[in-house]
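Heads up, the thing below is written out as structure tokens.
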Amino acid sequence: MSAAETPKTVFYLHQYFRTPTEGGALRSWFVAEALARRGARVEIITAHNRASYERRVLGECLTVHYLPVPYANAMGPLARIRAFTAFAWRAWRLAGRLAHEIPGPKICFATSTPLTVGVVAQTLRIWRGVPYVFEVRDLWPEAPIQLGYVRAAPVRWLLRRAERWIYNGARRIIALSPGMVAGVQATGTATAVGLVPNMADTAVFQPTYAGSGEPPAPFIILYAGALGRANRVIFLLDAAQATRQALPEVQFVIAGDGAEATALQAEVARRGLPNVTLVGALDRAGVQLWRARAAASFTCFDTLPVLDTTSPNKFFEGLAAGALSITTTRGWLRELVERHACGFGYDPQQPAEFVEKLRPFVAERHRLRAAQEAARHLAETEFSREHLATEAAKFILS
């Protein structure tokens, strides 16, 4: 492709964009960096909880536009809908103005969730002639439908029509897991779908192989992520309760915030679980500290088919940190850890199964170390952020 044909400006739509100085997932930051390295001018349109619009220049080719649209995981369904709608409206107006002002070839890259960013991209294509690539981070609207947030049949029909409309208008689609690829293709769209899974930051998260030395240190199992309805972190409390007497050296740490945080704290107190500690939301340095101390990484979601397709940042952080990987999902994450011998999956409604699968790793530290090294190897060979961010940038700009 000649230089004249290469898109030079990328309008990057992501409502929850984060930089390395903040907590949270950094996939969009890594992809934006990779786009800039390939010569693109990147205009990121996102939201923040402050009262006014802000514009920050983070490099020669990277600018972030912060729209004043408050959002928190603790919001209820109606508040979330208002936030999604407000961001879509403001983002559409700003992107349209920028598309008019900035000369040269352009492309829009819209990453969900929510699905409403796809509406912005589609209308920008119709209004300003800017083609777009759409990224599926979760299967919407299937996820909120299965979680029970969308019950009315006419609304379900409308959301599924909007989903197909967005997919069909895209130049290409990126999905973060094989299950998401299949979910997109099941809608009947003819748009090409590529797999670019989530990324392991092997530069920031370095393995310490905690808990695998002698004399035995406390065996810490870390959950670091959102405490929302879909995450179902109560499964970790069930595991901790089953483990308390059977494996007293095992400690559980929960790092994060969300709608279920207060209820989880109350449930820990009600059950009397001294082996569970909630440390609240952490910045990136705080997450690094706990990852270095943890022997294992815990990934859990509710037992719904759509959630077996997830590609969560916390899972890949655990791989990069060289942690034994434990998951409650039944999809590709469980297949990964079992195929690569870097952890185990279990039925979260059978906490006794968790105890029996964990026991050998606590008792035989050489087995733990082998699984931890396998996790790090998997992160380096299949999920390196440098490689995957570059692949995503190529997919967007090609």
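Just so it is clear, the structure is predicted and the values come from calculations on it, not from any experiment.
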So do the side chains of Gln122 and Val119 get within less than 4.5 Å of each other, counting heavy atoms only? no

Side chains of Arg172 and Phe395, heavy atoms from C-beta outward: is any pair under 4.5 Å? yes

Measure up the Phe354 and Phe298 rings against each other and bin them: parallel (under 30°), tilted (30 to 60°), perpendicular (over 60°). perpendicular

Under a plain distance cut-off of 3.5 Å, with no hydrogens placed, do Arg137 and Ser28 share a side-chain donor-acceptor pair? yes

Within-4.5 Å side-chain heavy-atom neighbours: Lys314 and Ser297: no

Report the C-alpha distance between Arg270 and Glu267 in whole Å, list the side-chain angles of each, state the deciding distance to 0.1 Å, and finish with yes or no for salt bridge (charged side-chain N to carboxylate O under 4.0 Å, His left out). CA-CA 5 Å; Arg270 187 188 72 80; Glu267 187 65 11; 2.7 Å; yes

Supply the atom-to-atom distance Ile234 CD1 to Asp302 CG, rounded to the nearest 0.5 angstrom. 11.5 Å

In terms of relative ring orientation, are Trp332 and Phe383 parallel, tilted or perpendicular, with 30° and 60° separating the classes? perpendicular

Would you kindly say whether Trp92 and Thr123 are connected by a side-chain donor-acceptor distance under 3.5 Å? yes

I want to check something: taking the side chain as every heavy atom from C-beta on, are Tyr71 and Arg80 in contact at a cut-off of under 4.5 Å? yes

Quick one: does Thr303's side chain get under 4.5 Å of Pro348's, heavy atoms only? yes

Pairs in or reaching into residues 233-250: which pass salt bridge (charged side-chain N to carboxylate O under 4.0 Å, His left out), with residues at least two apart or in two chains? Asp238-Arg271

With distance as the sole criterion, is a donor-acceptor pair present between the side chains of Thr329 and Asp308 under 3.5 Å? no

Contacts table for residues 203-211: side-chain donor-acceptor under 3.5 angstrom, sequence neighbours left out:
{"from": "Gln206", "atom 1": "NE2", "to": "Thr202", "atom 2": "O", "distance (Å)": "2.8"}
{"from": "Gln206", "atom 1": "NE2", "to": "Ala203", "atom 2": "O", "distance (Å)": "3.2"}
{"from": "Thr208", "atom 1": "OG1", "to": "Ala292", "atom 2": "O", "distance (Å)": "2.6"}

Compare all side-chain heavy atoms of Ile254 with those of Thr277 and state whether any distance is below 4.5 angstrom. no

Just by distance, no angles: are the side chains of Thr19 and Thr21 close enough, under 3.5 Å, to form a donor-acceptor pair? yes

Side chains of Asn275 and Val250 in contact at under 4.5 Å (non-hydrogen atoms): no

Describe, in one word, how the ring planes of Tyr12 and Phe109 are oriented to each other, choosing from parallel (under 30°), tilted (30 to 60°) and perpendicular (over 60°). perpendicular

Side chains of Leu13 and Tyr132 in contact at under 4.5 Å (non-hydrogen atoms): no

Could you work out, with side-chain hydrogen bond (donor to acceptor under 3.5 Å, both in side chains) as the rule, every residue matching Gln350, not counting sequence neighbours? none

